[in-house]
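One structure is given here, and the rest of the page talks about it.
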2 protein chains.
Amino acid sequence: MTHQRQVVFEEILKMKSHPTADEIYERVRKRLPKISMGTVYRNLEILASSGLINKIEPGHSQMRFEGNVRDHYHITCIRCGKIEDAEIEPLDDTLLNLENALGRLTKHGIFAHKLEFIGLCKACRAKEGDFIEPGEDD
Amino acid sequence: MTHQRQVVFEEILKMKSHPTADEIYERVRKRLPKISMGTVYRNLEILASSGLINKIEPGHSQMRFEGNVRDHYHITCIRCGKIEDAEIEPLDDTLLNLENALGRLTKHGIFAHKLEFIGLCKACRAKEGDFIEPGEDD
DNA sequence: CTAGGTGCAAATCATTTGCCGGGGC
DNA sequence: GCCCCGGCAAATGATTTGCACCTAG
């Protein structure tokens with residue numbers, strides 16, 4: 001754990017949100033003005049693969065990271081791309097049961113799932129009168 | 001619906017799998033040797049937004065497309081990236097109940113979810129004796 | 001004629017990598 | 001000295017876009 005890596009790690013923990021690599025870069029740069037994007041990416045990769053942080057790959061757009069490595073789901077805002085945590089418990093049991101019932105778990109080597117909720121964050125909801133949610137047409 | 005668009009559409013329907021843009025491009029090029037990647041992308045975008053095909057954005061790597069627009073889930077192979085359909089029904093009810101029970105559905109504008117199973121496809125399982133699944137350590 | 005669609009090539013954007021120099025052991 | 005790491009800049013790879021042309025209505 002080098003100094004740079006430590007700072008990257010600390011900043012992610014401090015942010016509590018789900019920042020993109022360049023948001024992290026900006027933060028870190030305030031403490032280490034000479035750090036480069038390459039270093040940030042390298043360290044994010046290392047931190048993620050050692051399990052200290054979590055790398056989130058939302059459909060499309062860039063990766064995001066978080067300090068919360070507990071197993072949980074996310075809510076992604078279609079509008080601004082912000083990610084929030086969804087406070088529901090992991091569905092492993094529900095899904096395992098479903099998969100087992102279908103006899104598929106043994107056929108496929110399934111050992112994980114990713115569940116992502118799609119919606120609008122509070123800020124974007126507030127701004128929106130004009131937004132038509134898909135499938136909301138009454 | 002131009003000729004090129006029609007061909008792109010037809011090839012996707014024929015493929016039944018979950019091809020990437022360049023797999024589609026290769027196929028289409030056999031019928032329209034002069035077509036360009038740009039055109040393929042443009043038409044994939046148009047077909048997807050008109051609902052004729054489905055654009056899949058698996059975490060990381062490139063986008064994939066499918067002709068099956070019915071609501072369903074996918075199983076992504078970590079090894080080769082191939083996508084298969086998961087034959088379980090959409091969990092809307094389960095998830096709506098969970099979200100409602102938590103009183104969150106009203107706070108967040110959630111109107112969709114994406115569930116992706118992570119595993120190994122049959123081909124990759126066959127090749128693997130050496131692969132250690134995360135969390136499989138008995 | 002007009003608009004949209006195409007082919008081509010160049011641009012974009014996030015991410016990765018090569019290279020070299022430096023610090024710790 | 002050896003190695004890992006960081007800074008920098010250039011490379012990569014998927015996707016997008018600008019532009020000029022063309023073709024159908």
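By convention in this document, chain letters (A, B, ...) are assigned in the order of the sequence lines, proteins followed by strands, and residues within each chain are numbered from 1.
A:I46 meets the side chain to side chain contact (heavy atoms under 4.5 Å, CB included) test with A:R5, A:N43; sequence neighbours excluded. Take A:Y41 and apply the side chain to side chain donor-acceptor pair (under 3.5 Å) test, not counting sequence neighbours, and it matches no residue. Take B:S36 and apply the side chain to side chain donor-acceptor pair (under 3.5 Å) test, not counting sequence neighbours, and it matches B:T39.
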Practice prompt. Determine, step by step, whether B:R79 and B:C121 satisfy the side chain to side chain contact (heavy atoms under 4.5 Å, CB included) criterion, reporting the C-alpha distance in whole Å, the side-chain angles of both residues, the deciding distance to 0.1 Å, and the verdict.
Written response: CA-CA 8 Å; B:R79 275 285 175 147; B:C121 69; over 6 Å; no
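Through direct or indirect side-chain contacts shorter than 4.5 Å among Ile, Leu, Val, Met, Phe, Trp and Tyr, B:I56 is connected to B:I83.
The CD1 atom of A:I56 sits 16 Å away from the C1' atom of C:dA14 (whole-angstrom rounding). A straight line from OH of A:Y41 to P of C:dT15 spans 3 Å, rounded to a whole angstrom. Rounded to an integer number of Å, the gap from CG of B:D22 to C1' of D:dA14 is 9 Å. Regarding A:R64, its CZ atom lies at a distance of 13 Å from the C1' atom of C:dA14, rounded to whole Å. In this structure, the OH atom of A:Y25 is 14 Å from the P atom of C:dT15, given to the nearest Å. With rounding to whole Å, B:F65 atom CZ is found 11 Å from D:dA14 atom C1'. Between the CD atom of B:Q62 and the P atom of D:dA14 there is a distance of 6 Å, rounded to whole Å. Here the P atom of nucleotide D:dC5 and the CD atom of A:E45 are 14 Å apart, to the nearest Å.
Residue pairs satisfying the ring pair (Phe, Tyr, Trp, His ring centres under 6.0 Å) criterion with at least one member in residues 70-89 of chain B, sequence neighbours excluded, are listed as follows: B:H18-B:H74, B:H72-B:H74, B:Y73-B:H113.
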Item to complete: For nucleotides 5-12 of chain C, just jot down a letter per nucleotide in 5' to 3' order: B, S or -, based on protein non-hydrogen atoms under 4.0 Å.
Response: SBBB----
